[in-house]
There are 2 protein chains.
Amino acid sequence: MLNERSLSVTQDCGDCPIRHRAVCARCESDELDRLEEIKYYRKFEAGQTVIWSGDKMDFVGSVVSGIATLTQTMEDGRTQMVGLLLPSDFVGRPGRSTAAYDVVATTDLVMCCFRKSPFEELMGRTPHIAQRLLEMTLDELDAAREWMLVLGRKTAREKIASLLSIIARRDATLHLKSGGGGPLTFDLPLTREAMADYLGLTLETVSRQISALKKDGVITLEGKRHVTVPDMERLLEEAGDDADGGMFA
Amino acid sequence: MLNERSLSVTQDCGDCPIRHRAVCARCESDELDRLEEIKYYRKFEAGQTVIWSGDKMDFVGSVVSGIATLTQTMEDGRTQMVGLLLPSDFVGRPGRSTAAYDVVATTDLVMCCFRKSPFEELMGRTPHIAQRLLEMTLDELDAAREWMLVLGRKTAREKIASLLSIIARRDATLHLKSGGGGPLTFDLPLTREAMADYLGLTLETVSRQISALKKDGVITLEGKRHVTVPDMERLLEEAGDDADGGMFA
DNA sequence: CGCACAGTTGAATGAGCTCAATACTTGTGG
DNA sequence: CCACAAGTATTGAGCTCATTCAACTGTGCG
């Protein structure tokens, strides 16, 4: 079923694009050597499922490139995204043997994986890994709580504006763009349906609100996915966040 | 402003009711001794604010008894609860100096506190503390993601049923009641307004849905706060969870 | 071409919100 | 003791925003 391909090249950790942000960020070179021994890459195509909720999960790993989603589904099919996994994000939980959520690649995806038991064993001997994992988990918890406010209290328009702000901000930090008042540009990595699942909306409402923000000049669209934000302050106001904000991360 | 009273008695960690579930759960007796040296108790009355979002936070700690809430507020006053803190839960984030959320005592509250820097220093030397904190943070992240499904995709009735299920389950584990099919009984530790803030609803909708569940025989009420659940399976169905569920924790 | 998929837009519906009235409890002060 | 205010909860009526259901467009692919 899985059309997964192994990477022929094994990348050197020293050249890894997520070296200083992933779970290995704090490792010294000798610790990195030990991780390097047990790592392996896995590649997934856009749309492929990395793992199903409830399945046995015998590995953990980091997203190296591409984007994946964490989703929960009710029996009647309602689904809610509970995490958006970007490069450097960690997948899997040490100490748990089955996956709690569906993990799906929304773009082509490369992961740096470790079999669970060697990783857990290594983590027990390497405080730098556990420290970094704690830090990352606390950050994720903060992000989850931020999203609880979005899901529970914001209007559809504010939800869309919030999502666009987050993608814009993240894109800016990833590509080191100027934070100045200039126009900001990025691609939406999600379909309308995925955005709806993220925001607790229907895809029709997502489409309508994006159209509305376009009509009101808050954003400009080229094609369906390429977004330009002429005034970031304005977008943040629409999101219901404090305009001079940015105290989140 | 704060009408806080210090506890005259300092409890021995050996007798502590949260000894094996709090952040200190994995500590050996010598590690516990070092924690005991730097701990101090703080007591808050129902309704008191423990700390305001944005304020300097120079301590961390565990809830020993009572209940507190973590809430986020938008400029226009809309508020969303993002955490419910029960005995053994941890408050504060090592490595961050200001509070990210409002923390409010909803019942009389006792906390076991540590000044932040001694605690961080001790944590650096005591892997058992960091390990336990990681475990607890991962659990909280799972709980937050469960709530994202509730907030994003469930109906008002399902939201209320979900909240009642969680309180019932927690109360059962806390008081070691029979898990059998018998009727279950507990007190609501939250006002209708607090429930609304938890569930992303208005307090009127909370009141209406509780009345509806009562009318339909899913629950019985004595007074406004004391709930009886004759059939837990039924309540779980109403919550939209798998009836034979319990695979969460 | 024909089909699948992503997206947009319209019209009607409804779940939950807003506004408002009422009731019950608790504590305070004359 | 009662009057009164404040806090909590319930219930009703009308409205609104997001959903549902549906039609339609555009694009890529076998």
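All of these numbers come straight from a predicted model, not from anything done at the bench. Hydrogens, waters and symmetry mates are skipped; everything else that's a heavy atom, side chains included, is used. So you know, we letter chains A, B, ... as the sequences are listed, proteins then strands, and number each from 1.
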Using a heavy-atom cut-off of under 4.0 Å over every strand shown, decide if Thr191(B) touches base, sugar-phosphate, or nothing.
sugar-phosphate
Residue Ser211(A), side-chain atoms from C-beta onward, closest of dG16(C), dT9(C), dT10(D):
dT9(C)
When the distance from CG of Leu151(A) to P of dG16(C) is rounded to whole Å, what number comes out?
16 Å
How close do Arg153(B) and Arg78(A) get, heavy atom to heavy atom, and via which atoms?
O-NH1, 3.0 Å
Just by distance, no angles: are the side chains of Thr79(B) and Thr73(B) close enough, under 3.5 Å, to form a donor-acceptor pair?
no
Tell me whether the side-chain N or O atoms of Arg192(B) pair up with the base of dT11(D) as donor and acceptor below 3.5 Å, since no angle test is needed here.
no
Rounded interatomic separation in angstrom, taking CZ from Arg153(B) and C1' from dT19(D)
11 Å
Leu203(A) atom CG is separated from dC21(D) atom P, nearest whole Å, by 13 Å
Look at Arg234(A) together with Glu238(A) and state whether they make a salt bridge at an N to O cut-off of under 4.0 Å.
yes
In whole angstrom, what separates Leu188(A)'s CG from dG7(C)'s C1'?
13 Å
Contact class for Gly223(B) vs. all strands (heavy atom < 4.0 Å): base, sugar-phosphate, or nothing?
nothing
Taking every heavy atom of Lys154(A) against every heavy atom of Ser162(A), the minimum-distance pair comes out as NZ-OG, 3.0 Å
Glu193(A) atom CD, over 12 foreign heavy atoms within 6.0 Å
no
In whole Å, what is the span from the CD atom of Glu193(B) to the P atom of dA9(D)?
9 Å
Taking the nucleotide of DNA chain D with the closest heavy atom to each, which residue, Gly200(A) or Glu204(B), is nearer the 5' end?
Glu204(B)
Look at all strands and tell whether Leu201(B) reaches a base, only sugar-phosphate, or nothing, counting heavy atoms closer than 4.0 Å.
sugar-phosphate
Nucleotide nearest Thr155(B) (side chain, heavy atoms from C-beta), chosen from dT18(C), dT8(C), dG16(C):
dG16(C)
With a 4.0 Å cutoff (strictly under), does any side-chain N or O of Thr205(A) reach OP1 or OP2 of dT19(D)?
yes
Whole-Å distance separating the CZ atom of Arg157(A) from the P atom of dC17(D):
12 Å
Pick base, sugar-phosphate or nothing for Gly47(B), based on heavy-atom distances below 4.0 Å to the nucleic acid.
nothing
Rounded off to whole Å, could you give me the NZ-to-C1' distance for the Lys224(B) and dT10(D) pair?
7 Å
Within less than 4.0 Å of OP1 or OP2 of dT8(C), is there a side-chain N or O belonging to Ser207(A)?
yes
Does Thr106(A) reach the main-chain N or O of Ile67(A) with its side chain, forming a donor-acceptor pair under 3.5 Å?
yes
Given atom CG of Leu221(B) and atom P of dC24(C), what is their separation to the nearest angstrom?
16 Å
Would you please confirm or rule out a distance under 4.0 Å between OP1 or OP2 of dC17(D) and any side-chain N or O of Arg208(A)?
no
Donor-acceptor pair (no angle test) under 3.5 Å: Gln209(A) side chain, dC17(D) base:
no
Using a 4.0 Å heavy-atom cut-off across all strands, classify Arg225(A) as base, sugar-phosphate, or nothing.
sugar-phosphate
